[in-house]
Amino acid sequence: MKILFVDFKSSENYDFQYMHSNSLGGTESTVLRIARELATEHEVYISQINREKPYHEESIHFIHYNDGLLFKKSPPDRIIILRKQKLLKIYSNRYPDAKLFVWIHNFQKYEALGRRHLVTKSGAKIICVSRHLQEHTDKIMNGPVSWLSRIFTFQYQKAPITFIYNPVDEAFSKNNTPIDKNKLLFFSAAYKGLSMVVKHFSKLLQQDPSYRLYIAGSTSERIRNILKDNELDNSKSITILGKIPREEVITHLRQSFCLFYPQNIHPETFGMVFIEANCTGTPVLAHPFGSAVEIINDEEQLVDARDPSTIISRVLNWKENGRPVVSCQERFKLPGIMERWKEVLELNG
């Protein structure tokens, strides 16, 4: 079958070569890995808005967005649109026989109801990245408020919604790297509660000044903008790593005592950072909201981010009595997740 992934958002011309030498977001990295696996049995294309020349790598055809609309003689059988439900109208008109899917990675707002009819009219299915995100999306798209859209657009049927977990990269694994008991790591986007994390870290330093916080996941400039009004700005207790390649992230994770993530400002829709940390043997300290409770299978790694004293005592207790023993959960590994993709895309029949 011919399968087309449509990325109308990312400005990066990402591919595997790019991923090895640049910091790449979790969504884009996942697209590459899923597409590569599907390409072992199918003809796979990824269309990108800034791809200047066609490129072929790992049996995947990387093309410009416009070229993805020009398959006249051999149209795609499956089309997976990243995030942008509004594109359903274009693709359903251009390729009326293709099965359509919208792969969402972020929490939807009620304004998404303005595009709900595009989902039902095109027969598309929404794919979420966790059960939590599926339930959140279903509440909006099929809940009581959705009837305002259903009646107005004469589209009364339910919008079909499912979920598939993102697979963890097998490179995130344990080895014999020495652990630094004083090294804490934050490697998410800075807007995901970094300001709150740093405040908790400041209070931890009052109890034990030997700790150091390493911050990655955003550009150094964005991280410094958040730290500029904090007393720890330019402190030797904080090291700004900025956006770093995958291999460096893995090294820092293996060295770190824990992934320090106690914040209740921005919930995760999936929480790949939690899984990647645990797969390297590094425990997580995170607030139980968003998908965290679904993804983290050990209550010892969950802590109320509104309670600084509990956060501090948890870290100090781990340092004195040992960290939780964590490992990679089978449900996030690639083989099982690919079976789920084949099931949802109806590729097994």
Side-chain angles (χ1 to χ4, degrees), residues 1-84 87-88 90-105 124 127 129 164-172 243-250 272 333-349:
M1 288 194 179
K2 178 180 283 189
I3 301 173
L4 172 64
F5 288 84
V6 180
D7 189 342
F8 196 70
K9 182 175 181 180
S10 178
S11 61
E12 298 172 286
N13 289 330
Y14 59 88
D15 46 48
F16 291 95
Q17 183 177 357
Y18 181 90
M19 183 173 67
H20 289 316
S21 56
N22 294 272
S23 175
L24 189 61
T27 297
E28 292 77 15
S29 299
T30 300
V31 170
L32 290 176
R33 301 186 68 228
I34 298 301
R36 179 172 59 186
E37 292 301 311
L38 291 173
T40 62
E41 299 178 5
H42 304 278
E43 185 180 357
V44 176
Y45 294 79
I46 298 178
S47 69
Q48 301 165 317
I49 55 176
N50 288 326
R51 176 69 62 179
E52 294 181 357
K53 296 180 180 179
Y55 176 65
H56 188 264
E57 184 186 27
E58 298 281 357
S59 299
I60 301 170
H61 303 272
F62 294 85
I63 59 176
H64 189 272
Y65 169 78
N66 292 335
D67 293 333
L69 293 167
L70 300 177
F71 294 116
K72 295 181 179 179
K73 294 183 179 180
S74 58
D77 302 288
R78 305 288 186 270
I79 301 174
I80 300 130
I81 300 171
L82 274 70
R83 307 181 178 99
K84 300 290 187 178
L87 297 181
L88 285 170
I90 296 174
Y91 283 91
S92 62
N93 288 336
R94 185 61 58 94
Y95 304 119
D97 295 327
K99 290 185 181 296
L100 299 174
F101 303 85
V102 181
W103 190 8
I104 65 172
H105 299 251
I127 302 174
V129 294
I164 308 175
Y165 289 134
N166 289 340
V168 65
D169 189 331
E170 58 273 6
F172 287 83
K243 297 192 73 171
I244 56 178
R246 177 189 64 172
E247 286 73 16
E248 291 184 37
V249 170
I250 294 172
M272 180 61 83
K333 293 183 179 180
L334 187 60
I337 287 172
M338 288 312 304
E339 286 303 313
R340 177 71 178 137
W341 269 102
K342 293 175 183 178
E343 175 187 346
V344 172
L345 296 181
E346 300 179 29
L347 300 176
N348 293 322

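Summarising the geometry, atom CD1 belonging to Ile3 is positioned 9.5 Å from atom CD belonging to Glu43; distances are rounded to the nearest 0.5 Å. The line from CD1 of Ile164 to CZ of Phe101 is 8.5 Å long, rounded to the nearest 0.5 Å. Here the straight-line distance linking atom CD of Gln48 with atom NE2 of His64 works out to 9.5 Å at 0.5 Å rounding. How far CZ of Phe8 is from CZ of Arg83: 13.0 Å, rounded to the nearest 0.5 Å. Here the CG-CG distance, from Leu100 to Leu4, works out to 10.0 Å after rounding to the nearest 0.5 Å. Atoms CG and OG, on Leu69 and Ser47 in that order, are 7.5 Å from each other to the nearest 0.5 Å.
Using a 4.5 Å cut-off on side-chain heavy atoms (C-beta onward), Arg78 and His42 make no contact. Here the side chains of Ile80 and Leu345 are in contact, with some heavy-atom distance below 4.5 Å. Annotation: side chain of Asp7 is not in contact with side chain of Val31 (no heavy-atom distance under 4.5 Å). Inter-residue side-chain proximity for Asn50 and Glu12 is flagged as unmet; no heavy-atom pair is nearer than 4.5 Å. For the pair Met338/Leu347, no side-chain contact is recorded, criterion being any heavy-atom separation below 4.5 Å from C-beta on. Side-chain contact between Arg36 and Phe16: present, with at least one pair of heavy atoms (C-beta onward) separated by less than 4.5 Å. Using a 4.5 Å heavy-atom cutoff, the side chains of Leu32 and Ile46 are in contact.
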*Should Arg246 and His20 be marked as a side chain to side chain contact (heavy atoms under 4.5 Å, CB included) after you check the CA-CA gap, both sets of side-chain angles, and the distance that decides it?*
CA-CA 7 Å; Arg246 177 189 64 172; His20 289 316; 3.7 Å; yes

*Does the side chain to side chain contact (heavy atoms under 4.5 Å, CB included) test come out yes or no for Tyr165 and Thr30, once each step is laid out?*
CA-CA 10 Å; Tyr165 289 134; Thr30 300; over 6 Å; no

*Run the numbers on Val249 and Phe172 for side chain to side chain contact (heavy atoms under 4.5 Å, CB included), then give the verdict.*
CA-CA 9 Å; Val249 170; Phe172 287 83; 4.1 Å; yes

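For the pair Pro96 and Asn93, the tightest heavy-atom approach, listed with the atom from each and the gap, is CD-O, 3.8 Å. A pairwise comparison of heavy atoms in Ile49 and Ser10 identifies CG1-O, 3.4 Å as the closest pair. Contact detail for Lys53 and Arg51: the closest heavy-atom pair is O-CD, 3.2 Å. Of all heavy-atom pairs between Ala124 and Leu88, the closest is CB-CD2, 3.7 Å. Residues Ala98 and Pro76 share a closest heavy-atom pair of CB-O, 3.3 Å. Minimum interatomic distance between Ser21 and Pro245 (heavy atoms only, all atoms of both residues): O-CG, 4.2 Å.
With hydrogens and angles ignored, the 3.5 Å screen pairs a side-chain donor or acceptor of Tyr95 with a backbone N or O of Phe71. Counting only distance, with no hydrogens or angles, the side chain of Arg33 and the backbone of Pro167 share a donor-acceptor pair below 3.5 Å. Side chain of Lys2 to backbone of Ser74: a donor-acceptor contact under 3.5 angstrom is found.
The number of heavy atoms from other shown groups lying within 6.0 Å of CD (Gln17) does not exceed 12.
Using a 30° and 60° split on the angle between ring planes, Trp103 and Trp341 fall in the perpendicular class, above 60°.
In this structure, a donor-acceptor pair under 3.5 Å is absent between the side chains of Asn13 and Tyr55.
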